[in-house]
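Down below is the structure, laid out as structure tokens.
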Amino acid sequence: MLQELSEQEELRRTKLAELIKLGINPYPAEEFKVNVTAHDIKENYERDKLNYKDIRFAGRLMSVRDMGKAAFAVLQDSTERMQIYIRRDDICPNEDDKVLYDIVWKKLVDLGDIIGIEGYVFTTKTGEISIHATSFKILTKALKPLPVVKTDADGNAFDEVTDPEFRYRQRYVDLIINPKVKKTFEQRTRIMNTIRTFLNDGGALEVDTPVLQSIPGGATARPFLTHHNALDIPLYLRIANELYLKRLIVGGFDWVYEFSRNFRNEGMDRTHNPEFTILEFYVAYRDYYWMMNTTETLLEKIATDLHGKTDVTVGDKTISFAAPFKRITIFDAIKENTGIDVSKMNEEELRAVCKTLHLEIDETMGKAKLIDTIFGEKCEGNYIQPTFITDYPVEMSPLTKKHRTEEGLVERFELMINGKEIANAYSELNDPIDQRERFEEQAALMERGDDEAMFIDYDFLRALEYGMPPTAGIGIGIDRLCMLMCNQPSIQDVLLFPTMRPEAKLTLNEETHS
RNA sequence: GAUUCCGUAGCUCAGCUGGUAGAGCAAUACACUUUUAAUGUAUGGGCCCUGGGUUCGAAUCCCAGCGGGAUCACCA
């Protein structure tokens with residue numbers, strides 16, 4: 001790369017050359033067999049001191065307090081930080097040869113380098129469990145200086161790196177220097193593990209279905225379009241996996257699930273990323289009431305596994321995930337929030353209601369969309385505690401079974417938490433003739449100018465004609481669930497590598513390079 | 001996509017109504033064999049995001065662009 005190096009970067013390259021001149025490989029190939037972690041030492045040393053007399057430990061050098069012929073330093077391994085104590089006369093027992101300490105340790109080792117040590121655990125005068133190093137080895141030389149974040153005894157961080165652009169583009173650095181960030185992503189994985197265990201224990205089968213689809217079905221959204229060269233056909237990145245999971249229910253699996261990475265070519269903000277993860281699962285012989293019970297049980301378990309309690313702090317609110325959750329129909333929710341009963345209204349009356357509520361509407365909107373608008377603008381944001389909103393109008397739910405008793409409605413619920421939709425579920429429509437008609441209504445909406453209407457998937461209709469058992473299905477937004485559970489206000493903080501515009505500097509260098 | 005704020009040393013940030021750059025940490029040198037935001041002394045380090053414009057003179061004012069954040073629109 002033609003990129004100019006900073007003073008510190010030049011210096012580190014010089015040090016690298018000096019190490020090599022001394023016969024030290026800054027990037028050794030052989031394994032360094034670690035036999036302990038920082039976490040293990042801090043947890044167990046006090047009651048099992050004999051076991052920590054002969055240890056091998058490795059980590060990244062985070063700070064050094066040099067005192068002449070001895071030094072304290074902090075190494076960070078994958079678990080946490082550990083203080084080490086290193087003395088010249090331990091490292092260099094030979095009186096005539098102090099090079100390893102005076103030159104290598106003091107001059108050529110930098111913050112950010114990865115080193116391995118041998119030694120024993122002890123407790124310092126001030127009471128900190130530390131490792132007394134008897135030897136050390138450079139395992140990886142770092143050529144870029146690491147931003148240094150200092151933390152005092154009370155845990156206050158100084159000069160913490162907060163620049164979002166730096167943190168998201170160079171997440172690897174963010175993870176090194178901001179332990180809280182690392183913790184969030186460990187929590188994300190724990191949440192997914194809890195879900196997997198819950199579903200597997202219930203008898204579910206985890207499956208993989210196509211990401212490349214010729215018909216982007218199962219949801220309404222603008223897809224990403226790509227092209228397959230060998231077949232010479234357009235392919236879409238999936239916007240949902242719903243129709244494939246239902247094909248598997250047809251195929252005879254009674255409970256399937258998938259953490260589906262979905263792609264939607266739409267706006268980005270702090271709750272939307274072009275690629276995001278939805279957990280979908282489908283269960284034969286169940287209905288949406290069963291699904292509500294299961295969902296609240298699952299969420300309660302996630303909260304308690306993660307926090308040891310059902311109350312979770314989210315911003316300035318406390319959200320209780322203790323089951324059962326409140327249940328209310330969408331019409332009652334609108335009545336509760338606006339005082340207006342829209343349940344018997346036709347399209348014209350609904351338009352009038354929207355006008356009195358000062359909501360922006362246009363001519364392409366049908367009855368369902370008008371109701372959805374009223375709910376979205378006037379109700380959604382008010383449901384902070386977990387609430388199931390149920391029984392939606394049939395027009396806005398083309399894949400949902402009609403309600404068993406209520407004319408014009410479907411057996412569907414959305415789970416609202418902190419004013420946002422977290423999950424969407426229904427008793428799945430399994431009547432192939434009804435499904436065909438619903439698809440055709442969607443096609444008509446598309447004609448009318450609704451660019452969010454669904455494509456018709458004829459293979460899915462064929463599958464339904466073979467017979468899908470009565471089935472309950474749900475999609476849970478994993479990223480948003482993690483935002484709640486980890487108290488993160490932005491989706492970018494629960495995605496390791498959020499989508500970003502490419503860095504101009506780097507692409508330029510790439511061009512000059514080739 | 002619209003509005004708005006931001007972009008200065010490796011990092012966190014100052015830099016007023018225009019007079020060609022500062023601090024802390026990090027780095028370098030020296031001292032120090034139980035420190036912990038270690039300490040003390042000294043030193044080096046800048047395409048002030050990019051390109052135009054105004055001006056005798058721009059980090060600073062104006063315009064355009066690039067990148068990021070926030071809010072709104074669309075959506076999950």
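Computation of the quantities below employed the complete heavy-atom set of this structure, encompassing side-chain atoms and omitting hydrogens, waters and symmetry-equivalent molecules. To find a chain, count down the sequence lines: A is the first, B the second, and so on, and within it residues start at 1.
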Under 4.0 Å, counting only non-hydrogen atoms across every strand here, what does [X] touch: a base, just sugar-phosphate, or nothing?
X: A:G477; result: nothing
X: A:R222; result: nothing
X: A:N156; result: nothing
X: A:Q492; result: sugar-phosphate
X: A:N273; result: base
X: A:F263; result: nothing

[N]: pairing nucleotide in any strand, Watson-Crick or G-U under 3.5 angstrom:
N: B:A23; value: B:U12
N: B:U33; value: none
N: B:U17; value: none
N: B:A76; value: none
N: B:U28; value: B:A42
N: B:A64; value: B:U50

Might you point out which heavy atoms bring [X] and [Y] nearest each other, and give the distance in Å?
X: A:F263; Y: A:I239; answer: O-CG2, 3.3 Å
X: A:R167; Y: A:V161; answer: CD-O, 3.4 Å
X: A:A70; Y: A:Y85; answer: CB-OH, 3.8 Å

Nearest-Å distance for atom pair NZ/P, residues A:K125 and B:U34: 6 Å
Whole angstrom value for the distance that separates C1' of B:C74 from CD1 of A:I361: 17 Å
Strand-adjacent residues in residues 389-400 of chain A, judged by heavy atoms under 4.0 Å from RNA chain B: none
Of residues 73-89 of chain A, the positions that come close to RNA chain B - non-hydrogen atoms, cut-off under 4.0 Å: A:Q83, A:Y85, A:R87, A:D89
Six-ring centre of A:Y426, A:R412 cation under 6.0 angstrom, axis tolerance 45°: no
side-chain contact (heavy atoms from CB on, under 4.5 Å) between A:L5 and A:R12, intermediate numbers included: CA-CA 10 Å; A:L5 296 176; A:R12 288 200 178 202; over 6 Å; no
A:L11 side chain, from C-beta outward: closest of B:U28, B:A70, B:C30: B:U28
Candidates B:A29, B:C32, B:C66 - which lies nearest the side chain of A:M67: B:C32
Determine the Euclidean distance between corresponding [atom1] atoms of [M] and [N]; express it in Å to zero decimal places.
N: B:G69; M: B:G22; atom1: C1'; value: 26 Å
N: B:A58; M: B:A21; atom1: P; value: 12 Å
N: B:C49; M: B:G10; atom1: P; value: 13 Å
N: B:A9; M: B:G15; atom1: P; value: 15 Å
N: B:C61; M: B:U17; atom1: P; value: 8 Å
N: B:G7; M: B:U50; atom1: C1'; value: 11 Å

Look only at the side chain of [X] and the backbone of [Y], and say whether a donor-acceptor pair between them is shorter than 3.5 Å.
X: A:D479; Y: A:F276; answer: no
X: A:D89; Y: A:P93; answer: no
X: A:R480; Y: A:T271; answer: yes
X: A:K15; Y: A:K107; answer: yes

Close side-chain approach of A:P398 to A:L429, heavy-atom, < 4.5 Å: no
Nearest-nucleotide comparison on RNA chain B, the residue closer to the 5′ end among A:E266 and A:F158: A:F158
First encountered from the 5' end of RNA chain B, between A:T151 and A:D479: A:T151
Evaluation steps, salt bridge (Lys or Arg N to Asp or Glu O under 4.0 Å), between A:K42 and A:E80: CA-CA 9 Å; A:K42 290 194 176 170; A:E80 55 183 296; 3.6 Å; yes
Euclidean distance, A:Q492 CD relative to A:R270 CZ, rounded to 0.5 Å: 10.5 Å
Sidechain N-carboxylate O distance under 4.0 Å for A:K246, A:E242: yes
Evaluation steps, salt bridge (Lys or Arg N to Asp or Glu O under 4.0 Å), between A:K326 and A:E296: CA-CA 10 Å; A:K326 178 179 176 177; A:E296 62 197 10; over 6 Å; no
Under-3.5 Å donor-acceptor pair between A:D269 side chain and B:C72 base: no
Dump every N/O contact between nucleotides 4-14 of chain B and the protein below 3.5 Å, one line per pair.
residue : atom : partner : partner atom : Å
B:G10   : N7   : A:Q8    : NE2          : 3.4

A:F72-B:A38 aromatic stacking (under 5.5 Å, under 30°): no
